Amino acid sequence: MAEYKSDYLKILAERGFIHQITDDAGLDDALAEGPVTAYIGFDCTAPSLHVGNLVGVMLLYHLQKCGHKPIVLMGTGTTLIGDPSGKDESRLLLTEGEIASNQTSIKDLFERFLTFGDGASDALMVDNSEWLKALGHIDFLRDVGPHFTINRMLTFDSVKLRLDREQPLTFLEFNYMILQSYDFLELWRRQGCRLQMGGSDQWGNIVNGMELARRIDGASLFGLTSPLITTADGSKMGKTTRGAVWLNESALSNHDYYQFWRNAEDPDVARFLRLFTDLPLEEIARLEALEGAEINQAKKILAYEATKLCRGEEAARGAEATAKETFEAGKMGEDLSSFEISAEQYNAGFTFVEAFLATGLSASKKEARRLIEQGGARINGDVIGAVDAALEKTHFNEDGAARLSAGKKRHAVLKLG
């Protein structure tokens, strides 16, 4: 591990955030000399960011804590095109209305992690459509286009991998890296931004932006990428059998968010504590030394601290209480995700297969049937024996609620309307 003098790079190195830096010594000097402005771009492809975006959010969080100025770049302009990085196929194009709605939903998340304002280290949120939409296409191509060669662009992984797999790459997507490079140039000019950060798949785009600013403005800028975070089984961070782990409460309940961290594999716990909480490293080292059944205590702390940082302390306490009620006392926690069935649905014979699909405990009817056949499906703690069985009045308590369980760790409440 490199020895850094700036607090920011020390923290990133100790916690495992650094994959590549364009100029370690130069960036370290700049960060040690005084406040540096840095940015990360987030496209607005969904109403919420997901856990896979959380490393970027934490990079900005630590940046501000070290006295530097973070910029959250909302990429409504580039979302109109779609980033080909790490994608096997083209994204469906969103309308401007859909993108604007997603942007509004995403904005609230950052206020949990960053302080926005006009101070030296206060965060800024900017939108790249502010300059991208104002570009005259011919003038832009004449001014910026000559600084990019097709030969070099074809060598970047975001392009090369798609072509190697014989997946189509549209000319629209091919322009994405040029526009992202232009974002860096604009933020340098408008805000004095000297550092762009992102995931390892953004390395080529970041280097392109630095090179563009050097060629046009003679600017000396920096780039830093974080490693791709995978879980102990090799799967991509934030991807589960039930889909993405969303950061917004409107997209994923506090209980389910808490349980995602609570269910971390043993080898992942210490690493996730370093990356996704702000617990002191000394405390994390203590938790890392726990063995056997005691590792569950570390998992509970991970779940609580990660939920507190993203959802707030009240949400973390509620999710923790729900987990205790659900798993330790066998009750129905108030924070469990729920689904209400109407009297008409019940009278028509609402099956357990339909119930597991409706509550999100299964992604398909086929998966629900398999869960029941393998004995992993329960109603109020009792194993569901028949695949074609339907809910009965006796399954609901006096409040009209029943608890469904998929295995030992996933639960939901079914309510009779």
Side-chain angles (χ1 to χ4, degrees), residues 37-57 59-61 69-87 89-114 116-117 122-137 139-141 143-144 158 169-193 195-199 201-202 204-206 208-209 212-213 238 244 246-251:
T37 300
Y39 91 95
I40 298 179
F42 299 87
D43 280 350
C44 306
T45 54
S48 171
L49 299 180
H50 54 75
V51 166
N53 302 119
L54 194 52
V55 170
V57 178
L59 283 170
L60 295 177
Y61 172 79
K69 190 175 188 70
I71 295 178
V72 178
L73 178 66
M74 302 297 284
T76 64
T78 39
T79 304
L80 287 167
I81 292 176
D83 182 4
S85 301
K87 307 296 182 300
E89 56 188 28
S90 301
R91 277 193 177 125
L92 292 175
L93 292 179
L94 302 178
T95 67
E96 291 193 30
E98 289 170 330
I99 292 170
S101 176
N102 290 345
Q103 179 190 19
T104 300
S105 180
I106 290 170
K107 275 183 176 180
D108 294 340
L109 167 76
F110 286 98
E111 293 185 350
R112 293 196 183 276
F113 290 87
L114 302 172
F116 290 87
D122 285 346
L124 292 177
M125 182 172 285
V126 297
D127 186 341
N128 65 6
S129 64
E130 182 181 337
W131 51 83
L132 293 182
K133 284 197 169 185
L135 289 173
H137 186 60
D139 291 337
F140 174 71
L141 289 179
D143 293 342
V144 177
S158 59
L169 178 73
T170 67
F171 179 71
L172 187 67
E173 293 173 289
F174 198 58
N175 279 270
Y176 185 95
M177 65 181 72
I178 300 178
L179 294 178
Q180 183 172 326
S181 299
Y182 188 72
D183 284 345
F184 202 178
L185 176 63
E186 281 291 325
L187 287 172
W188 153 250
R189 288 173 169 176
R190 292 166 181 249
Q191 303 293 340
C193 182
L195 171 64
Q196 181 185 171
M197 300 184 289
D201 61 343
Q202 296 298 314
N205 292 334
I206 292 172
N208 269 338
L212 180 64
W246 301 107
L247 301 185
N248 282 18
E249 185 179 349
S250 58

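All figures in this text were calculated on a predicted structure; none of them were measured in a lab.
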Just how far is it from atom CG of Leu212 to atom OH of Tyr182, taken to the nearest 0.5 Å?
9.0 Å

Testing the basics here: between Met74 and Asp127, what is the closest heavy-atom pair and its distance to 0.1 Å?
O-OD1, 3.2 Å

Is there side-chain contact between Leu187 and Trp131, with heavy atoms separated by less than 4.5 Å?
yes

What distance do Asn208 atom CG and Leu185 atom CG have between them, rounded to the nearest 0.5 Å?
12.5 Å

Which distance, rounded to the nearest 0.5 Å, do you find between the CD1 of Ile106 and the CG of Leu49?
4.5 Å

Assess whether side-chain contact (heavy atoms from CB on, under 4.5 Å) is satisfied between Ile40 and Val57, documenting all intermediate values.
CA-CA 8 Å; Ile40 298 179; Val57 178; over 6 Å; no

With heavy-atom distances below 4.5 Å as the criterion, would you say the side chains of Tyr39 and Val126 are in contact?
no

The reported gap from CG in Asp43 to CG in Asn128 (rounded to nearest 0.5 angstrom) is 7.5 Å

Straight-line distance of Gln196 CD to Gln202 CD, nearest 0.5 Å:
7.5 Å

Provide the closest heavy-atom pair for Phe184 versus Cys193 in the form atom of the first, atom of the second, distance.
CE2-O, 3.8 Å

Which distance, rounded to the nearest 0.5 Å, do you find between the CG of Leu109 and the OG of Ser48?
7.0 Å

What is the minimum heavy-atom distance between Met197 and Ile206, and which atoms define it?
C-CD1, 4.0 Å

Report yes or no: does Ser181 contribute a side-chain atom to a donor-acceptor pair with the main-chain N or O of Met177 at less than 3.5 Å?
yes

Report yes if some heavy atom in the side chain of Phe42 is under 4.5 Å from a heavy atom in the side chain of Val72; otherwise report no.
yes

Please confirm whether the backbone N or O of Ser105 pairs with a side-chain atom of Asp108, one donor and one acceptor, at under 3.5 Å?
no

Are any of the side-chain heavy atoms of Leu195 and Thr37 separated by less than 4.5 Å?
no

Contacts of type salt bridge (Lys or Arg N to Asp or Glu O under 4.0 Å), residue Lys107, not counting sequence neighbours
none

Look only at the side chain of Asn248 and the backbone of Ser250, and say whether a donor-acceptor pair between them is shorter than 3.5 Å.
no

Sorted by chain and number, sequence neighbours left out, salt bridge (Lys or Arg N to Asp or Glu O under 4.0 Å) with Glu130 holds for Arg190

